[in-house]
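Below: one structure, written as structure tokens.
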Amino acid sequence: MKKTKSKKIKLKETRSFALSAVLRGSAKFVLLFRRTFLLWCLANFTFLFVFEYIPNGWRNSLSILWLVAYYVYWCVFIRYVQQHPPYFSLVRIFNGLIPASKIMFINISIYLIVVILPYIPLFMGFRDKYLEFFERYMEVLQSYDSLPGKTLFYLFMLLLSPYTISRPYLAWISSLIGKSRSIMDAYKRTHNNYWNFVLCAGVMSSIFMVSYYIDTIYHLHTLIYLMSVFPVYFNVVFIGIYKVFYKRKPKIKLTSD
């Protein structure tokens with residue numbers, strides 16, 4: 001009897017999200033609070049616009065100040081949409097740095113594995129049998145700018161996205177409102193949702209890629225405007241996903257615009 005009860009509890013705890021439902025809910029939220037949404041997009045546009053005028057971009061030390069301010073902007077945004085005042089909280093901002101740094105570490109580690117790991121068999125004496133494969137691998141890696149190279153890299157990162165981006169990002173959102181900042185906890189909460197996260201990453205990246213190529217081909221110069229809107233909306237989507245797995249009662253009620 002005890003075993004059957006424990007199994008039922010585990011089944012109840014297992015949740016999943018439907019991307020279509022989350023996208024509809026996020027769209028309704030944007031329409032309901034459209035003025036507020038536009039203000040956040042305008043603030044995001046201001047950040048991107050300022051960065052374009054920083055000499056030498058990331059090589060300039062001023063970019064560090066810009067990055068800190070931009071990080072604080074997203075922290076305040078998450079707390080605002082989550083209805084968790086005070087919206088500016090230094091404690092929560094610093095708490096968010098832990099999962100944020102883990103996200104960077106995970107993605108840098110994946111990149112290093114992709115680049116460095118293929119060299120290891122060469123140093124272990126497998127040159128004769130392995131050299132042909134290694135040469136082909138490096139050709140694909142070096143042809144990143146080609147369509148096959150981009151496609152393979154995109155598919156590879158897409159399949160890894162639930163582990164490198166989606167679930168760690170939920171842990172970051174959780175940390176900003178004082179909940180669990182453990183990435184492992186996010187993995188456990190979102191168990192059996194791997195393909196849902198892959199689909200989510202695929203839809204989001206496809207929207208951006210299509211917009212980017214349209215802007216590039218037709219020389220529309222609208223990318224900065226699109227990048228002012230897409231990240232804000234995508235964060236609303238992730239907050240919607242977050243609410244499926246992390247239940248909480250809002251402290252205040254937002255009034256529609």
Side-chain angles (χ1 to χ4, degrees), residues 19 22-90 92-97 99-101 103-104 107 161 165-166 168-177 200-216 220-243 254-257:
L19 182 60
V22 173
L23 291 175
R24 283 197 303 270
S26 301
K28 287 179 182 178
F29 178 88
V30 169
L31 291 174
L32 190 62
F33 305 103
R34 52 191 176 278
R35 293 179 185 174
T36 305
F37 179 78
L38 288 174
L39 286 174
W40 284 106
C41 292
L42 180 62
N44 191 29
F45 170 81
T46 303
F47 273 103
L48 299 176
F49 184 79
V50 168
F51 183 78
E52 283 193 348
Y53 284 89
I54 296 178
N56 300 320
W58 294 112
R59 289 176 289 180
N60 193 322
S61 57
L62 290 174
S63 64
I64 298 175
L65 296 175
W66 178 90
L67 186 62
V68 170
Y70 199 45
Y71 172 77
V72 172
Y73 160 81
W74 286 115
C75 291
V76 174
F77 174 80
I78 296 296
R79 289 180 63 83
Y80 177 82
V81 176
Q82 285 282 68
Q83 305 170 36
H84 204 285
Y87 303 127
F88 179 82
S89 171
L90 282 175
R92 301 307 175 207
I93 288 171
F94 280 111
N95 281 346
L97 286 173
S101 61
I103 293 172
M104 291 181 63
N107 284 275
S161 63
I165 299 293
S166 302
Y169 201 76
L170 293 180
W172 178 71
I173 293 175
S174 177
S175 69
L176 291 178
I177 61 170
C200 180
V203 170
M204 289 182 177
S205 56
S206 296
I207 291 172
F208 171 76
M209 288 172 66
V210 170
S211 303
Y212 173 79
Y213 282 115
I214 290 173
D215 183 85
T216 304
L220 299 176
H221 304 291
T222 58
L223 193 60
I224 188 173
Y225 303 106
L226 296 173
M227 287 302 297
S228 301
V229 177
F230 286 161
V232 179
Y233 177 69
F234 291 159
N235 271 279
V236 173
V237 171
F238 259 97
I239 290 171
I241 296 172
Y242 168 86
K243 289 178 180 178
L254 288 173
T255 55
S256 60
D257 292 331

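A distance of 11.5 Å separates OG of Ser174 from CD1 of Ile78, quoted to the nearest 0.5 Å. Here the CE atom belonging to Met204 is positioned 8.0 Å from the OG atom belonging to Ser166, to the nearest 0.5 angstrom. Here the CG atom belonging to Asn235 is positioned 6.0 Å from the CD1 atom belonging to Ile239, to the nearest 0.5 angstrom. Rounding to the nearest 0.5 Å places CD1 of Ile173 at 7.0 Å from CD of Gln82. To the nearest 0.5 angstrom, Trp172 atom CH2 is 12.5 Å from Ser101 atom OG. Taken to the nearest 0.5 Å, the CD1 atom of Ile224 stands 9.0 Å off from the CG atom of Asn44.
Taking the ring centroids of Tyr73 and Phe47, they lie under the 6.0 Å cut-off. Ring centroid separation for the pair Tyr242 and Phe238 does not come in under the 6.0 Å cut-off.
When all heavy atoms of Ser205 and Gly202 are compared, the closest pair comes out as OG-O, 3.2 Å. Of all heavy-atom pairs spanning Ser211 and Leu226, the tightest one is CB-CD1, 3.5 Å. Nearest heavy-atom pair, Ser26 versus Val237, reported as atom, atom and distance to 0.1 Å: OG-CA, 3.3 Å. The two atoms that bring Ser63 and Phe51 nearest to each other are CB-CE1, 4.2 Å, heavy atoms only.
For the 3.5 Å distance criterion, the side chains of Ser175 and Asn95 fail to qualify, holding no donor opposite an acceptor.
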- Message: Using the rule given for side-chain contact (heavy atoms from CB on, under 4.5 Å), can you reason through Phe208 versus Met227, listing the C-alpha separation, both sets of side-chain angles and the distance that settles it, and then say yes or no?
- Response: CA-CA 8 Å; Phe208 171 76; Met227 287 302 297; 3.1 Å; yes

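Not one N or O on the side chain of Arg79 forms a donor-acceptor pair closer than 3.5 Å with the backbone of Phe88. One N or O on the side chain of Asp215 and one on the backbone of Leu223 form a donor-acceptor pair closer than 3.5 Å.
Classification of the Phe77-Trp40 ring pair by plane angle, with boundaries at 30° and 60°, yields perpendicular. Below 30°, between 30° and 60°, or above 60°: for Trp66 and Trp58 the angle between ring planes is above 60°, a perpendicular geometry. Classification of the Tyr87-Tyr80 ring pair by plane angle, with boundaries at 30° and 60°, yields perpendicular.
Checked options Val30, Thr36, Thr46, Val232; the residue passing with Cys41 is Val232 (criterion: side chain to side chain contact (heavy atoms under 4.5 Å, CB included)).
In Tyr70, the OH atom is crowded: over 12 heavy atoms of neighbouring residues, nucleotides or ligands sit closer than 6.0 Å. The environment of OH in Tyr71 is crowded: more than 12 heavy-atom neighbours from other residues, nucleotides or ligands sit within 6.0 Å.
Using a 4.5 Å cut-off on side-chain heavy atoms (C-beta onward), Leu31 and Phe37 make no contact.
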